[in-house]
Amino acid sequence: MSRKGNCLDNSVMDNFFGLLKSELYLERFTPYEDFINKLRDYIDYYNTKRIKLKLKGMSPVEYRTHSQKVA
């Protein structure tokens, strides 16, 4: 955690949880395991399949592996 009043350290996680809440807002999970499975699926999607224009149209994992090959 950052010092009091410095929100820049938390902005990445705040953005992730904001997106997560908007994606899963209307879903109801009866057993706890259903929520855990859906959360794992969403994290997998977020890291491997989600296309970002800032990353030249690649997913975060593709961008990282591409930048390692170039360097």
Side-chain angles (χ1 to χ4, degrees):
M1 295 298 291
S2 64
R3 66 182 187 273
K4 187 175 180 178
N6 187 1
C7 64
L8 297 177
D9 292 343
N10 300 328
S11 65
V12 175
M13 288 311 298
D14 285 344
N15 183 44
F16 171 77
F17 284 118
L19 291 172
L20 177 68
K21 287 188 336 188
S22 69
E23 292 284 331
L24 302 180
Y25 180 70
L26 295 177
E27 295 193 36
R28 299 287 179 230
F29 302 101
T30 308
Y32 181 71
E33 291 78 20
D34 286 347
F35 171 71
I36 295 298
N37 291 333
K38 189 68 171 185
L39 181 61
R40 285 187 180 133
D41 291 344
Y42 184 77
I43 291 173
D44 180 56
Y45 159 77
Y46 190 85
N47 288 324
T48 61
K49 298 173 183 76
R50 176 182 57 105
I51 302 300
K52 292 288 292 178
L53 294 177
K54 289 170 103 176
L55 302 179
K56 302 177 183 172
M58 294 184 254
S59 72
V61 170
E62 289 173 331
Y63 186 78
R64 273 186 246 127
T65 57
H66 175 73
S67 65
Q68 289 174 353
K69 291 176 186 175
V70 173

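Everything quoted here is computed from the prediction, not taken from an experiment.
With hydrophobic clusters built from ILVMFWY side chains whose heavy atoms lie under 4.5 angstrom apart, Tyr42 shares a cluster with Ile36. The hydrophobic cluster containing Phe17 also contains Leu24, counting ILVMFWY residues as joined when their side-chain heavy atoms lie under 4.5 angstrom apart, directly or transitively. Both Leu19 and Ile43 belong to a common hydrophobic cluster when Ile, Leu, Val, Met, Phe, Trp and Tyr are linked at side-chain heavy-atom distances under 4.5 angstrom. Each of Leu53 and Leu55 belongs to its own hydrophobic cluster when Ile, Leu, Val, Met, Phe, Trp and Tyr are linked at side-chain heavy-atom distances under 4.5 angstrom.
Closest of all the heavy-atom pairs between Gly57 and Ile51 is O-CG2, 3.4 Å.
Within the 4.5 Å cutoff, the side chain of Leu20 has no heavy atoms near those of the Tyr46 side chain. Between Leu39 and Phe35, some side-chain heavy-atom pair lies under the 4.5 Å cut-off.
Around the NZ atom of Lys56, the shell of radius 6.0 Å holds no more than 12 heavy atoms that belong to other residues, nucleotides or ligands.
We find the CG-CZ distance between Leu26 and Arg28 to be 7.0 Å, quoted to the nearest 0.5 Å. From Glu62, atom CD reaches atom CZ of Arg50 across 11.5 Å, with rounding to the nearest 0.5 Å.
Side-chain atoms of Asp44 never come within 3.5 Å of backbone atoms of Arg40 as a donor-acceptor pair (strictly under, hydrogens ignored).
Tyr63 pairs by the ring pair (Phe, Tyr, Trp, His ring centres under 6.0 Å) definition with nothing, not counting sequence neighbours.
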